[in-house]
Peer 1: 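If you scroll down you'll find the structure; I have some questions about it.
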Amino acid sequence: MFASIPRVRFAPSPTGYLHVGGARTALFNWLYARKTGGRFILRIEDTDQERSTPEHTQVILDGLTWLGLDWDFGPLFQGDFVERHRADAEGLLASGKAYRCFCTREELEAQRKATTHGGETFRYDRRCDRLPPAEVEARMARGMPFVIRFRMPHEEIAWEDAVHGRISFQGHDLDDLVILRTDRTPIYNLAVVSDDIAMRVTHVIRGDDHISNTPKQIALYRALDAPVPVFAHVPMILGADGKKLSKRHGATAVGDYQHQGILPAAMRNFLALLGWSPGEDREIMSGEDLIALFSLEGIQKKPAVFDPVKLEWMNGQYLSHMPAAELVAPVLLELDGMGIAHGGGDGIAPVIDAVKARSRTILDVARQVAVRLDPGRAGLDEKGRKLVEKMGDGYARSLRLAADTLRGIPEGEWVPGRILEALRRQVEHEGMSLGDLLQPIRVALTGSTVSEPVNELLAVVGRAKALERLGEAGGTGGAGGGPGAGR
RNA sequence: GGCCCCAUCGUCUAACGGUCAGGACACCACUCUUUCAAGGUGGGAACACGGGUUCGAUUCCCGUUGGGGCCA
């Protein structure tokens with residue numbers, strides 16, 4: 001057999017959404033395949049009939065696609081291979097590496113009670129393995145139900161884990177594994193091994209939580225005379241409280257982050273850094289960078305806490321370095337979702353440009369764009385409210401002064417430079433500071449004390465809308481200068 | 001309870017026997033500025049504990065403690 005290229009797989013159960021932990025496992029597999037020129041197989045483990053749904057499968061595919069992870073084979077469905085799983089189980093039976101067990105659930109429970117006095121772990125005593133062949137025949141003739149059990153070798157089972165180094169278990173600590181149920185459906189560990197052998201998987205990159213399955217699976221590989229793949233067990237992702245990340249920690253599905261306005265490139269970058277590092281002080285990495293730098297050796301042994309704040313920071317980095325043109329489509333989508341009318345055009349690119357450096361998510365960008373399109377809709381945020389409170393009557397007074405000043409600028413001269421000049425002159429005349437006049441304008445227009453420079457803000461919003469809004473907020477009851485006025 | 005895995009700032013991490021233990025997020029100052037962000041500069045902040053091995057341990061070995069996973 002010639003040296004084969006690496007083949008890895010991501011094998012999610014379609015019983016829920018694509019969890020960030022699963023997404024990261026998929027990412028590592030994908031990175032490894034792309035790095036080594038190998039193949040990435042997507043296998044849907046849909047053998048849990050109760051909980052598996054096509055909808056969940058679709059959500060998983062969508063999530064992977066969104067993250068930019070493409071697969072070379074699949075999606076393959078484990079349920080399609082049950083016949084092979086059975087054949088493998090029968091093969092083990094035929095070769096004497098497995099045996100029929102007629103013990104019922106009740107009998108097993110009784111055995112457990114009888115043998116585990118202290119806190120000992122119950123292990124099946126192989127009584128059915130000692131049944132004389134004639135007895136086995138007789139029971140089968142009577143139609144007694146049975147499972148097929150794999151006879152676990154009582155020896156050390158160890159492997160060189162690509163992230164943990166040597167891990168070893170003692171075979172006698174492991175139970176004789178049921179591989180086929182009485183209804184002839186295969187058990188998880190058999191199905192996985194059977195599939196990985198058939199699909200010629202060379203590297204199993206999966207979550208830490210599978211470490212205890214690994215010795216059982218290795219025993220099966222050996223019994224089935226198949227080469228044992230390389231195992232790489234990547235650490236779990238935890239919530240802020242140090243417990244396995246779950247629903248009660250908030251958003252755990254990649255779809256949640258998609259809807260919060262996180263960019264796929266940022267999500268991918270962030271996920272890659274959870275439990276892996278390139279070994280140098282690099283944080284912002286493109287897909288190409290990640291592929292170039294990825295290695296199984298760089299994977300961390302200890303679990304990582306998922307920090308949404310850092311994710312948002314990273315997303316902000318991507319946002320501010322991204323050309324506004326690329327953000328137009330996603331922002332328009334958000335605006336649609338918010339029910340904001342936007343002439344759909346390129347007109348909003350400059351607005352996006354003005355706000356993206358101040359934003360952490362696409363949602364942030366969209367909210368700010370919305371306010372610029374329609375200043376009247378701005379509610380006050382925390383900081384804005386505080387400023388209005390602090391200024392008292394001065395707030396409205398400043399706005400009226402600003403409106404009077406700005407009304408003197410004709411439509412044709414409504415540009416940042418001209419606007420700033422006028423405001424400056426007014427401030428000098430009144431003997432106030434520039435901030436005293438500009439900050440109220442900012443709050444009136446955006447509801448917040450955060451925005452691009454006020455003169456640019458005014459220019460983006462447009463003369464008519466700006467004056468109208470200042471009039472409303474200033475309490476003069478209406479537009480001081482409607483469209484076309486002021487000339 | 002059994003088996004297994006793990007342990008550097010609050011969090012993500014670098015270090016592969018000799019470093020003032022480095023970077024990033026967050027936080028705090030200062031700076032820039034037309035406010036707030038962003039940017040820039042600086043600051044506080046970690047080797048879980050105890051034994052070994054070694055001239056020398058964050059690093060290697062053992063144990064303790066703590067956390068996690070799987071099974072029960």
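From a predicted model like this one, the values you see are computed outputs, not experimental measurements. Numbered from 1 within each chain, the chains take letters A, B, ... in sequence-line order.
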Peer 1: Roughly how far, to the nearest 0.5 Å, is NE2 of A:His210 from CZ of A:Phe231?
Peer 2: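 Taking CZ in A:Phe231 and NE2 in A:His210, the distance rounds to 11.0 Å.
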Peer 1: Can you tell me how the ring of A:Phe28 sits relative to the ring of A:Phe294, calling it parallel under 30°, perpendicular over 60° and tilted otherwise?
Peer 2: tilted
Peer 1: Tell me whether A:Arg100 contacts the main-chain N or O of A:Cys128 through its side chain, where contact means a donor paired with an acceptor under 3.5 Å.
Peer 2: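 Side chain of A:Arg100 to backbone of A:Cys128, a donor-acceptor pair under 3.5 Å: no, none is there.
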Peer 1: Distance alone, cut at 3.5 Å: any donor-acceptor contact between the side chains of A:Asp195 and A:His85?
Peer 2: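 Short answer, yes.
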Peer 1: A:Ala240 or A:Lys302: which one's nearest nucleotide on RNA chain B is closer to the 5' end?
Peer 2: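 On the 5' side of the pair lies A:Lys302.
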Peer 1: Return the polar atom pairs (N/O with N/O) between nucleotides 18-22 of chain B and the protein under 3.5 Å, or none.
Peer 2:
unit_1: B:rG22; atom_1: N2; unit_2: A:Asp281; atom_2: OD1; d: 3.3

Peer 1: Please list, pair by pair, any protein nitrogen or oxygen found under 3.5 Å from a nitrogen or oxygen in nucleotides 42-48 of chain B.
Peer 2:
none

Peer 1: Return the set of residues passing ring pair (Phe, Tyr, Trp, His ring centres under 6.0 Å) with A:Tyr395 (not counting sequence neighbours), or none when no residue passes.
Peer 2: none
Peer 1: Identify the nucleotide, in any strand shown, that forms a Watson-Crick or G-U wobble pair with B:rC30, with both distances under 3.5 Å; if there is none, say none.
Peer 2: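 Its partner is B:rG40.
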Peer 1: For B:rU54, give the paired nucleotide (Watson-Crick: N1-N3 plus N6-O4 or O6-N4; G-U: N1-O2 and O6-N3; both under 3.5 Å), or none.
Peer 2: none
Peer 1: Let's test this: given Watson-Crick or G-U wobble pairing with both distances under 3.5 Å, identify the partner of B:rA7.
Peer 2: B:rU65
Peer 1: Which of the following nucleotides, B:rC4, B:rC3, B:rA7, is nearest to the side chain of A:Asp173?
Peer 2: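 Nearest nucleotide to the side chain: B:rC3.
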Peer 1: Would you find a donor on one side and an acceptor on the other, under 3.5 Å apart, between the side chain of A:His321 and the backbone of A:Gln317?
Peer 2: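 Yes.
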Peer 1: Without swapping roles, check the side chain of A:Arg469 against the backbone of A:Ala444 for a donor-acceptor pair under 3.5 Å.
Peer 2: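 Judged by distance alone, yes, a pair lies under 3.5 Å.
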Peer 1: Extract from the structure each pairing of a protein N or O with an N or O of nucleotides 69-71 of chain B at less than 3.5 Å, listing the distance.
Peer 2:
unit_1: B:rC70; atom_1: O4'; unit_2: A:Ser212; atom_2: OG; d: 3.3
unit_1: B:rC70; atom_1: O2'; unit_2: A:Ser212; atom_2: OG; d: 2.8

Peer 1: Do A:Glu288 and A:Arg34 sit within salt-bridge range, that is, some charged N less than 4.0 Å from a carboxylate O?
Peer 2: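 Looking at A:Glu288 and A:Arg34, the cut-off is not met.
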Peer 1: Hey, which of these two, A:Pro303 or A:Gln170, hits RNA chain B nearer its 5' end, going by closest nucleotide?
Peer 2: A:Gln170
Peer 1: Return a single string for nucleotides 32-37 of chain B, one symbol per nucleotide in 5' to 3' order, where B is base contact, S is sugar-phosphate-only contact and - is none, cutoff 4.0 angstrom on heavy atoms.
Peer 2: --BBBB
Peer 1: Kindly give the atom pairs (protein nitrogen or oxygen, nucleotide nitrogen or oxygen) under 3.5 Å for nucleotides 25-29 of chain B.
Peer 2:
unit_1: B:rA26; atom_1: OP1; unit_2: A:Arg360; atom_2: NH1; d: 3.4
unit_1: B:rA26; atom_1: OP1; unit_2: A:Arg360; atom_2: NH2; d: 2.7

